[in-house]
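The structure appears right after this line, and notes come after that.
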Amino acid sequence: MRGRTDGSKKRLLTTFFFVAVFLLFLYLYFGSQSQGESALEYGSRSLRKLGSSYLGGDEESDLGIKQDDFKFGLDDEDGIVPKSFPVCDDRYSELIPCLDRNLIYQMRLKLDLSLMEHYERHCPLPERRFNCLIPPPTGYKVPIKWPKSRDEVWKANIPHTHLAKEKSDQNWMVVKGEKIIFPGGGTHFHYGADKYIKSLANMLNFPKDNMNNEGNLRTVLDVGCGVASFGGYLLASDIMTMSLAPNDVHQNQIQFALERGIPAYLGVLGTKRLPYPSRSFELAHCSRCRIDWLQRDGILLLELDRLLRPGGYFAYSSPEAYAQDEEDLRIWKEMSALVERMCWKIAAKRNQTVIWVKPLTNDCYMERAPGTQPPLCRSNDDPDAVYGVNMEACITPYSDHDHSSKGSGLAPWPARLTSPPPRLSDFGYSSDMFEKDTETWRKRVENYWDLLSPKITANTIRNVMDMKANLGSFGAALKTKDLWVMNVVPEDGPNTLKLIYDRGLLGSIHNWCEAYSTYPRTYDLLHASDVFSDIIEKKGCSGEDLLIEMDRILRPTGFLIIRDKKPVIDFVKKYLTAIHWEQVAMADSSSDETDTDHVVLIVQKKLWLTSESLRETD
């Protein structure tokens, strides 16, 4: 009996063990499947705690809104319109959906970390998106206005001070009471970006040590930009800089840049081409940007070569340029050999800074010995195809027109803003068409500002995004305003972004069926002309997703201008209460001869408050 009893106990314990293991497996498996909904579920609970009266919902209503709850159609009168969207978990106050490290872990993506693939875009499928509103952090305040914002921001808006400690000896930023101060320093220019910029101009013998070179240097790419002080101080010289950095260990650097009112974009030199067309920049800059330019046969340096205009410069400030020790000397020798094969020449070299210049024509490429590496790109390679396109370790030669022109053929700034760009003919557009487009948008923007005038002052708006920029004439019409425009061109339409850069403006390629690569609350004004019609009617994407994405990008008290067909405007108006936007103005376009079937709707995002994530501040 005792032996049988012991045997029964052993069998019982064994059974319990296997049952426990099985239950643990089920928990881990199904638990991981539901992680993507955690923000939405928490948001629903958070919203209930606010009380239904504020957000307009019933206490017992189902606030867990899912993608499948929406059956969208512009002509659908029975579509479900929620009284309010749920609020995301406070932990997601800085969510960038396509640059979300948690999503990468949940999807178990196999990425090559050495190639920086984990810093590239990986967007969630529609069923994994957070259909909730991103809350600001505790104590959020309306951002400080430009130009004061270049030098200081509210600490509560970006509550991250680790960079101030980590870079304390380099004058990146300093915490001072409720503010974060930016003295203008950087890793290589501790004593100020302004002095460093002047020294670069002096090295290049530019007139009056002014970096804009009498208007001939207008667009700059700053790789590994830190908090973008280099680009911020170039603005005084009428130079527009695309400050670029990934969401890496210095993860909030681009957020600080945009909070300061400085143009910036979240991106990385990894495996994909940057979202800019060929020959976009007169200068590329890397100041101790910690990039291995020699990796993969120089593919990252060749990407900069693609982006530089004929005769463009690459300013490289790094210990390798000074070659103080054996390792620095090795890197310098290999890099010098690489750029020589790329036909770059040293324009100037001083201390730890070297400036190379790109050739004006194809002559040097044609004179290289057969088999010289890197090779020229294939003749059928489109150097302007960038959205999701892999980089290639090859040199992009100039077209026959550019080769014979011996340069970009661009007028100096500011004349280039309104001069028909040489690449206009690539699209079959005439100079007359360009000039008419410029004048049309001048009138439209004038009308927009008349409608906005009761709500804004001269410095209300700083960061602007044109979500479908076409030729960039909306941005061009804002030249007299103290603001800058991110001109976005759809990835599937005419790639007119190169014309926008040729006008001396900045922009990027994007697909609005996905989230944009920026932090929440980074733009004061979004302009959406036919954007909803495009993504809904042509692409079949969700209008609600686009509304939530716009709300994510837009700063509290910021404005949205929608120019679209009347059914689209009616659709957006149905969601104003749910998304906490307030109508400012609406006007038809009957006086616009080129656009009689469109309606203009201007709305303002409210500074809404929750008991968990916000408090009212002036």
Side-chain angles (χ1 to χ4, degrees), residues 67 70 72 95-100 103-104 107 109 117 119-131 134 242 244 246-247 254 264-268 270-278 280 382-391 427 464-472 474-475 485-501 506-520 522-523 526-554 560 562-564 568 571-572:
Q67 182 70 30
F70 296 111
F72 173 72
L95 177 68
I96 311 163
C98 293
L99 296 171
D100 182 11
L103 177 71
I104 292 175
M107 294 176 68
L109 299 178
E117 286 185 311
Y119 293 139
E120 295 183 324
R121 288 174 57 84
H122 303 282
C123 298
L125 296 173
E127 61 269 18
R128 295 186 72 96
R129 292 175 184 168
F130 294 150
N131 291 301
I134 303 295
M242 181 65 77
L244 180 81
N247 186 20
I254 292 298
Y265 184 84
L266 273 166
V268 67
T271 66
K272 307 294 184 185
R273 284 177 171 176
L274 294 177
Y276 319 120
S278 65
S280 293
D382 181 1
D384 301 323
V386 297
Y387 199 77
V389 176
N390 288 329
M391 293 180 191
F427 302 89
V464 178
M465 179 183 287
D466 188 2
M467 298 174 68
K468 185 184 176 184
N470 196 19
L471 302 183
F474 168 82
V485 182
M486 179 68 81
N487 294 277
V488 180
V489 171
E491 91 297 349
D492 62 343
N495 192 353
T496 54
L497 188 58
K498 59 185 177 182
L499 303 181
I500 291 169
Y501 273 93
L506 300 179
S508 63
I509 299 288
H510 186 61
N511 175 7
W512 283 113
C513 291
E514 300 174 350
Y516 191 75
S517 293
T518 192
Y519 282 89
T522 44
Y523 285 85
L526 303 180
H527 176 245
S529 178
D530 285 317
V531 175
F532 280 92
S533 291
D534 282 356
I535 73 142
I536 295 167
E537 296 177 352
K538 295 179 182 178
K539 296 184 177 181
C541 298
S542 165
E544 290 82 5
D545 278 356
L546 182 57
L547 285 172
I548 290 172
E549 173 61 5
M550 288 176 165
D551 186 77
R552 186 186 72 86
I553 295 173
L554 200 59
L560 172 63
I562 302 175
R563 186 182 201 93
D564 219 312
V568 170
F571 160 74
V572 173

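Residues: numbered from 1 along the sequence shown. As the structure is a prediction and not an experimental result, all values here were calculated from the model.
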Check your understanding: Looking only at heavy atoms, what is the nearest atom pair of Pro275 and Leu497, with distance?
Key -> O-CD2, 3.7 Å
Point to revise | Interatomic distance, Leu554 atom CG to Asp551 atom CG [nearest 0.5 angstrom] | key: 7.0 Å
Check your understanding: Can you check whether Pro124 reaches Cys98 side chain to side chain, under 4.5 Å on heavy atoms?
Key -> yes
Check your understanding: Do the side chains of Thr518 and Ile96 get nearer than 4.5 Å, heavy atoms only?
Key -> no
Practice item. Kindly indicate whether the side chain of Val464, heavy atoms from C-beta on, has any atom under 4.5 Å from the side chain of Met486. Key: no
Review point. Relative to each other, are the rings of Phe474 and His527 parallel, tilted or perpendicular (30° and 60° limits)?
Key: parallel
Check your understanding: Do Glu544 and Asn131 touch side chain to side chain, with heavy atoms closer than 4.5 Å?
Key -> no
Practice item. To the nearest 0.5 Å, tell me how far Asp466 CG sits from Ser529 OG. Key: 7.5 Å
Check your understanding: Got a second to check how far Met550's CE is from Tyr516's OH, nearest 0.5 Å?
Key -> 13.5 Å
**Study point:** Considering all heavy atoms, the nearest Asn495-Val489 contact
**Key:** CA-CG1, 4.4 Å
Practice item. Of all the heavy-atom pairs spanning Asn247 and Tyr119, show the shortest one and how long it is. Key: O-CE2, 3.6 Å
Check your understanding: Do the side chain of His122 and the main chain of Glu117 share a donor and acceptor less than 3.5 angstrom apart?
Key -> yes
Practice item. Check side chain to side chain contact (heavy atoms under 4.5 Å, CB included) between Asn470 and all other residues, then give those that pass, not counting sequence neighbours. Key: Asp437, Thr496
Practice item. Could you check if a side-chain atom of Lys468 sits within less than 4.5 angstrom of a side-chain atom of Pro490, using non-hydrogen atoms only? Key: yes
Practice item. Carefully, step by step, assess Asp492 and Lys539 under the rule salt bridge (Lys or Arg N to Asp or Glu O under 4.0 Å). Key: CA-CA 10 Å; Asp492 62 343; Lys539 296 184 177 181; 3.6 Å; yes
**Study point:** Atom pair CD1/OG of Ile536 and Ser542 - distance to nearest 0.5 Å
**Key:** 7.5 Å
Point to revise | Spacing of Tyr523 atom OH and Ile553 atom CD1 [to the nearest 0.5 Å] | key: 8.0 Å
Check your understanding: Under the 3.5 angstrom rule, does the side chain of Asp530 hit a backbone N or O of Asp564 as a donor-acceptor pair?
Key -> no
Point to revise | Aromatic ring pairing Trp512/His510, orientation class (parallel under 30°, perpendicular over 60°, tilted between) | key: perpendicular
Check your understanding: For Ser517, does its backbone N or O pair with a side-chain atom of Tyr265 as donor and acceptor, under 3.5 Å?
Key -> no
Point to revise | Heavy-atom pair of closest approach, residues Leu95 and Asp100 | key: CD1-OD2, 3.8 Å
Check your understanding: Is the backbone of Lys272 close enough, under 3.5 Å, to the side chain of Glu120 for a donor and an acceptor to pair up by distance?
Key -> yes
Point to revise | Sidechain-backbone polar pair: Arg129 side chain, Pro97 backbone, donor-acceptor under 3.5 Å | key: no
Exercise for review: Apply side chain to side chain contact (heavy atoms under 4.5 Å, CB included) to Cys541 and Leu546, showing your working.
Suggested key: CA-CA 9 Å; Cys541 298; Leu546 182 57; over 6 Å; no
Study note, to complete from the structure: Smallest heavy-atom separation, Val572 atom then Leu547 atom, equals CG1-CD2, 4.3 Å
Exercise for review: May I ask you to test the Tyr501-Met242 pair for a side-chain heavy-atom distance under 4.5 Å?
Suggested key: yes
Review point. Which atom names give the shortest non-hydrogen contact between Arg273 and Asp382, and what distance separates them?
Key: NH1-O, 2.8 Å
Point to revise | Rounded distance [0.5 Å steps], CZ in Arg121 versus CG in Asn511 | key: 8.5 Å
Review point. How about Leu244 and Tyr276: do any of their side-chain heavy atoms sit closer than 4.5 Å?
Key: yes
